[in-house]
Amino acid sequence: MQTHEISSRFLNHFTRNGHTLVPSASLIFEDPNLLFVNAGMVQFKPYFLGQAPPPYDRATSVQKCVRTGDIDEVGKTTRHNTFFQMAGNFSFGDYFKAGAIEFAWSLITNGVTDGGYGFDPDRLWATVYDDDDEAFELWRKIAGLPEERIQRRDGKDNYWDMGVPGPGGPCSEIYYDRGPEHGRDGGPVADEDRYLEIWNLVFMQDERGELSPKAGHKPIGSLPTKNIDTGMGIERVATLLQGVDNVYETDLVRPVIGKAEEMSGRRYGSGSHVDDVRFRVIADHARSGMMLIADGVTPGNEARGYVLRRLLRRIVRSVRLLGVTEPVLGEFAAVVRDTMSPSYPELASDFPRIESIMRKEEETFLSTLASGSRIFDLAADQLKSEGHAQLPGDKAFQLHDTYGFPIDLTLEMAAEKGLTVDETGFRELMAEQRARAKADAAARKTGHGDQTVYRDLLAQGATEFLGYETLSAEATVRGLVREGARVRRAAEGEIVEVILDRTPLYAESGGQESDAGTITGPGVELEVLDVQKVARKLWVHRVRVRSGEIVEGLNVEALVDPEWRIGARQGHSGTHVVHAALREVLGPTALQSGSYNKPGYLRLDFAWSGALSSDTRSEIEEVSNLAVRKDLPVKVVYTDMGGAQELGAVALFGETYDETVRVVEIGGPWSRELCGGTHVEHSSQIGPITLIGESSVGSGSRRLEAYVGMDAMRYLAKERALVQNLATLLKVPGDEVPARVEALVDRLRGAEKELEKLRAGQLLSSAGTLADKAEDVDGTALVALQVPDGVGGNDLRSLAVEVRNRLGSRSGVVALFSTDGDKVAFVVATTATARDNGIAAGKLVPSFVSAIEGRGGGKPDMAQGGGANPGGVAEAVTALRKALTSA
Ligand code: SER
C-alpha cells in the first residue's frame, strides 16, 4: 500500500467517525518550547490545557513532523529519521480510552477491502502504563488480545508528555510482531526491533510540572477534561505494509537513494556500510530540508536556520564522499517533489523558490569548503613543520565559526593529514559561545516561559486588540502577575504585569517592538515598559506603577504614546519597503530571515552570500526612497492561507492553515507580506530611508540596517554637520574635503618617514657618548644600559653595532635594553677581541634574561631577545656584569 494511501485511509476512517479533518500545521508553528513541530498534538495544545475552547470535540490530522535531536545518528542505523508524518486522532473531552482503542483496533485490523490496513490480529501486541488496569481490560475486551500479549511498562516507556511543563498522560502502544527472523521472542519489552511500535495512544489527563511523571514524579494537576491524543507513524506502517525492512526502502524515500546511486555509480546495500550511511543521510535530509524550506525556513546560523543549514550541508558532504563533485541539491529536490507532492502540493507549486534556496546554499557551502580548505591546509602544514600532531581546538573553532566548517569535516581532513584534533577544546569553545548566545537571548526577553499562571486568565478569553483602529481605549484589569504569581494589587514603584480585557497597545511580534504608552485609572498611573503576547491571545503589559495603586478589576484607560506609534509605523512599513527593494534589486531569493524594527530604526536579515557592493546598496536605497516618493497606498487584506499564497504573500511563519491571516500590501503586488504589524497608510508617511550599514551575520546571511523618518533626517543632518566642520577646519569647500584629507595623509606619511630618519641619525650620533660610558669589567669594556623608550628592533640593533664600532679593537660588550609599555627588548653585541677572549654574545644571554622574564639568543657576535618585565633591567645589567667577571 502506497504511503499516500495509508494517510488517506487514516483520515477517512476518522472523518467517517465524526472527526473534523484538520490540515497539518506548519512545521514552524509558534511554540516557545519547540524548534519544529514534532508531534500531531502540538497545534491542539491550547485545547488540552483549557486555554481555548476547542472548535470541535474530535479531530484528525496527518501532521508533518521534524525531530532533529539525534541528527548525527541518522543513517548510521535505519531507525532514525528527521522527517516523518504522524497520523492522529484527538478527542477533547469526548471519548476516552475505550473509544481510542476501538478506533485504532478497527482501522489496523479491518480488511484492505473494508478501508482498513489488514494487519493480522494475531501478530499485534499492546503495552499499557504500570497500573492502568482499565486499559488492560479494554484491550482484552475490545480487541480480544490474550493477556500475554498485553505488557505493562513504567513511565519511561508508557507515559507521554512534551518534555516540558504542559499536558501529559499515561499511554498505551500498539506493536506489530515482524517475526522471529527480526529478533527475540518476548514482546516489546524484550525487543523493539522485532516488535515494531506503530501507534501510541495517549490518555491525556494530567498537567505535568517541572518534573516529569515519566521519571515517576506526580503530575501537578488534572486537565479540565479527559482527552485523547494518538500518533501513528505513517512511515512505520508503510514499512510493514510494503513488506520492506525499514523506512529507507519505502516508496517515498527509496527514490532519493536511487537518484544518488545514479549520480555516483555506487549501489546502496552492496556491502559498504559507510556508503549506505551516506545514502541514508541524503534520503532523509533531502526530505526534511525541503519540507522546512517549504514552510518558510531559510538556511542561517541560528536556531531553525542553522538546523536547515546542517541538513543541507550534510547532504552535500555525503554526496561528495560518494565521489560526486557537481551540484546535487536541485536534483534531489526534484525527486522529493515528485514523490511527496501528492500529499504536499506546495512542494510543486513553490518549487522554484525552494529549489533556488537549496542551490544557493549549496553554492555558498562549496565556496566555504574551498576557502576553509585553504585555511585548513595552511594550518596543517605549519603544525606539521613545527612537529605538532594535533590541530588546536581554537583552530577547529575558527574553521567552524568563520568558515562554517562542520567539525566532522575538520576531523576527517585532519585524519587524512595524519593529525588529530583537540575536540575537547573545540567543544569547550562551542559551549562558551552557546552560553553567550543563551544569556543574550535571556537578557532580551522578559520571559513568559511558564504559562500556567495565565491559565485562568486565558480561560476568560483573548484580549481584544484595538490598536489597528485606535490609540486609546477603556479597559478592565483582568489580572495582575508579579514574578510569576497572581497578585490582587500593586503599589507605587512596583513592577508588575497587567492583563487587560482589551488594549490598543501593540505586543512585540513579527519583528516590531512593543508600543510605549501609559495605563491610567482613578488615582493610578502606570508606565508601560513592555508588552508581550501569551499563547498568542493574552496581552501582558509589563508596567511600573508611577503613582497610586493598581487593583484587579479596576476600570482604566490604556493609551499608546502617539509619537511612538508614528515612529513604529514608519519603522515597520519601512522594513517592508526595504525588503521589497532588496528583492527587486537582488532577485526573489533574497528572502528575509529575521527582522527588528522600532521607531526610527529597522534591521533586516536576509539570505545572501557575499557583501553587497556600495553600488548595490545605493540602488536598494534608491528603490526604497522611490517607493516612498511614489506615495504607494498601504492596504491590509484579511484572507486564509490559501488566499495569501495565491496573492504571493511572502513568509509563512508560524501560521496554522485554518486561520485567517493578515496580508499587508504596499503598492499592490510590489510588497505583500503576511504581517500583524502596524503600518502607515501611504508610503510617503515613512519619510526618508537611509541605509546605515550592511554586514555579515554568519555565512550566507547578511544584515541591512536603516534609519527612517526623522531619525534618517537627523542622521543625515549629523553627517552634513560633520562635513561642514571638516570643511571649515580644512578651509576648503565640502566636496573638496576627501581630496584634501588624502593630501594631508600623504604629507603626514612623508613627514613621519622624515622624522624616522632624523631620529635614527640622532640615535646613531649618540653612539659615541654611549661608548664613552664604557666601564671596565675585568679588562672588558662593558656598555650596558637602557636607551630611551620606544627604540625598538632595527634601531636598537644598529645602535649596538655603532657603539661596538666605537669600542674599536678593545675587548668590548654592548648590551642595550629598550622598553615599550610592559615589554622589554635587548641586543647584545661583542667586539672581535672580546670574541677572541672567549666571550660570546649568545652565551651571555642566559645569565641575565631571567631578570626581565624573557628569552633570547644568537651568535657569538650578536644576540637579541625580549622580556615581560621592564622593571628588571637594572638587575639584568648587574647579572651581566657578574657574568663577565666570572668569564
Ligand atoms: N503525542 C504522542 C506522540 O507524539 C501521540 O500523538 O507520540
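Every number for a ligand or one of its atoms is a count from 1 in the order of the listing. Predicted model only: the values in this text are computed from it and were never measured.
For the pair Arg152 and Phe136, the distance from NZ or CZ to the six-membered ring centre is under 6.0 Å and the angle to the ring normal is within 45 degrees.
Taking the six-membered ring for Trp and thresholds of 30 and 60 degrees, His19 and Phe14 have ring planes more than 60 degrees apart, a perpendicular arrangement. Taking the six-membered ring where the residue is Trp, Phe92 and Phe48 present tilted rings, their angle falling between 30° and 60°.
Between Tyr95 and Phe103, the gap from one ring centroid to the other is short of 6.0 Å.
Listed by chain and number, the residues in a ring pair (Phe, Tyr, Trp, His ring centres under 6.0 Å) with Trp539 are Phe465 (sequence neighbours excluded).
For ligand 1, residues of the protein lying within 4.0 angstrom by heavy-atom distance are Ala39, Met41, Arg67, Met86, Trp160, Asn200, Val202, Asp229, Thr230, Gly231.
Looking only at atom types and distance, the side chain of Asp251 has a donor-acceptor partner in the side chain of Gln242 under 3.5 Å away.
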